[in-house]
Amino acid sequence: MVNMKEIKSIKLTPFTRITASIYGILGLIGALIMLIGLGIVQVAGVIPELGHFNLVTGVGIPLMVLLPIGAFFSTIVVSFFSVMLYNILVPRLGGVKLELEGDEVENIPVISFSLILSAIGAIWAFVVGLVLAAVISPLFALISALPSVSNITANFTAATGSTLPTSAEVGAAGIIVSLVLIIGLPIMVFVFGFIWNALFALIYNYIVTRVAKIQLKFSQIGERFYELKNIPVLPTALAVALVYAILGLISGILSGNFVQFLSDFITYFIETALIAVLYNYLAPKIGSIKLNLV
C-alpha cells in the first residue's frame, strides 16, 4: 500500500550533526586519495619543474588536515541554515512529499519537491549575491573616485581614438553588477533549480523506479515524528546514480560530451553509497535524522 508522507519539519541539531560528520569523513577520504595521487606524481617525477619541492609533505599532509576540517565546518553552516530555511518555508510553500510503499520511495511529487528546494537555493544565492555586492560595489566606487581614472581615459582616447569607460560609467557598472548579484542571481538560481529538481523527480518517477528505488527505513518515535534508522546502500546508490546518469546524458547531448553520463553514474554511485554506509554506521552512535512526517 502506497502512503503519501510530507516532511513538515526536520530537527536541526541531529541533521546538522550527522551531515557534518559524514562530509568531514568524506573530506578525509578525499584528502587521502589526493595524498596517494601526489605521492605517485612525486615518485614518478611527472612534473620535473617542481625540483626538490615535496608534494606529499608540502601539499598532501596539509590537505589531510584542512579538507576534513573545512568540509566539517562548512557543512555545519550549510546544513543548519538550509534546514532552518526549510522549516520556515514549509508552512508557506509546503514540504517535500514522498509516496512510500514500505521502505521504498515509489514517487516524488514534482511540484512540492522542486518548489521548496529551489526556493532554498534562491535564498542562498541572495545571501551570496549580497556578500559579493558588498565587496564589489565599494570597489567600483573607489575606482570611479580615483582622479587617475579620468586622466587614463583621456590619454587613452587621445592616443588611440578608442574610448575607455569614464569614472561615472565605472560607478554605474558597479551598481548594475550589484543589482544583478542581488536580484538576478537568486531569480536565475530559482528558475534553473526548479527545472533541475523537476527533471530529477520526473526521471526518478517514470524511468528509474522501473530499475531501482531509493529506500529509507523509518522508525516512528512519536505521534508524528520519525527517525531515519537506515539507508539500504545498493538500491539507493543505484537509483540516485541512474538519475544523475540520465541527467548527464541530457547535458552531454546538449554539450557534445557523450561520455559524461558514465562518469556521472560512477561518481554519484560511489558518493551515495559512501554517504549511506557512513550514515548507517554513525546514526546509532551520534543520532539519526529526525523528521516530522505527516
Does a side-chain heavy-atom distance below 4.5 Å link [X] with [Y]?
X: Met64; Y: Leu32; answer: yes
X: Phe225; Y: Leu291; answer: no
X: Val2; Y: Leu100; answer: no
X: Ile10; Y: Leu12; answer: no
X: Ile246; Y: Phe261; answer: no
X: Pro232; Y: Lys217; answer: yes
X: Val243; Y: Leu199; answer: no
X: Leu67; Y: Leu28; answer: no

Determine yes or no for a side-chain-to-main-chain donor-acceptor pair under 3.5 angstrom, with [X] supplying the side chain and [Y] the backbone.
X: Tyr23; Y: Ser74; value: no
X: Asn205; Y: Ile108; value: yes
X: Tyr204; Y: Val105; value: yes
X: Ser263; Y: Gln260; value: yes
X: Tyr206; Y: Ala201; value: no
X: Asn292; Y: Lys8; value: no
X: Ser114; Y: Ala198; value: yes
X: Arg17; Y: Gly287; value: no
X: Gln215; Y: Glu104; value: no
X: Tyr279; Y: Ile18; value: no

So, for [X] and [Y], which heavy atoms are closest and what is the spacing to 0.1 Å?
X: Pro62; Y: Val59; result: CD-O, 3.3 Å
X: Tyr86; Y: Ile7; result: OH-O, 2.6 Å
X: Phe265; Y: Ala245; result: CB-CB, 3.8 Å
X: Met34; Y: Leu63; result: CE-CD1, 3.6 Å
X: Leu282; Y: Ser21; result: CD1-CB, 3.9 Å
X: Phe190; Y: Ala122; result: CB-CB, 3.8 Å

Please determine whether the number of non-hydrogen atoms from other residues, nucleotides or ligands lying under 6.0 Å from atom [atom1] of [X] exceeds 12.
X: Lys97; atom1: NZ; result: no
X: Lys229; atom1: NZ; result: no
X: Phe218; atom1: CZ; result: yes

Measuring from atom [atom1] of [X] to atom [atom2] of [Y], what distance do you get when rounded to the nearest 0.5 angstrom?
X: Ile111; Y: Leu93; atom1: CD1; atom2: CG; answer: 12.0 Å
X: Leu247; Y: Phe200; atom1: CG; atom2: CZ; answer: 7.5 Å
X: Met4; Y: Leu293; atom1: CE; atom2: CG; answer: 12.5 Å
X: Phe81; Y: Met84; atom1: CZ; atom2: CE; answer: 5.0 Å
X: Lys290; Y: Ser219; atom1: NZ; atom2: OG; answer: 10.0 Å
X: Leu242; Y: Leu238; atom1: CG; atom2: CG; answer: 4.5 Å

Item to complete: Indicate whether the side chain of Thr19 and that of Ser79 have a donor and an acceptor atom separated by less than 3.5 Å.
Response: yes

Worksheet item: Have Glu227 and Ser288 got a donor and an acceptor in their side chains that come within less than 3.5 Å?
Response: yes

Side-chain heavy atoms nearer than 4.5 Å, only ILVMFWY residues, links allowed to pass through others: does that put [X] and [Y] together?
X: Tyr281; Y: Ile270; value: yes
X: Ile76; Y: Ile25; value: no
X: Val131; Y: Phe80; value: no
X: Ile123; Y: Trp196; value: yes
X: Ile33; Y: Leu278; value: yes

Fill in: Worked verdict on Phe73 versus Val77 for side chain to side chain contact (heavy atoms under 4.5 Å, CB included)
CA-CA 7 Å; Phe73 285 105; Val77 174; 6.0 Å; no

Practice prompt. For side chain to side chain contact (heavy atoms under 4.5 Å, CB included), just list the numbers for Ile214 and Val240, CA-CA rounded to whole Å, side-chain angles, deciding distance to a tenth of an Å, and then say yes or no.
Written response: CA-CA 7 Å; Ile214 294 171; Val240 172; 4.1 Å; yes

Discussion item. The test is side chain to side chain contact (heavy atoms under 4.5 Å, CB included); show your working for Ile120 and Leu89 and say whether it passes.
Written reply: CA-CA 8 Å; Ile120 292 171; Leu89 291 173; 3.9 Å; yes

Worksheet item: Any chance the rings of Phe269 and Tyr244 have centres within less than 6.0 Å?
Response: no

Discussion item. Would Leu85 and Asn87 count as a side chain to side chain contact (heavy atoms under 4.5 Å, CB included) here? Give the steps.
Written reply: CA-CA 5 Å; Leu85 288 172; Asn87 293 340; over 6 Å; no

Discussion item. Considering only residues two or more places apart or on different chains, which pairs with a residue in residues 116-135 satisfy side chain to side chain donor-acceptor pair (under 3.5 Å)?
Written reply: Ser82-Trp124

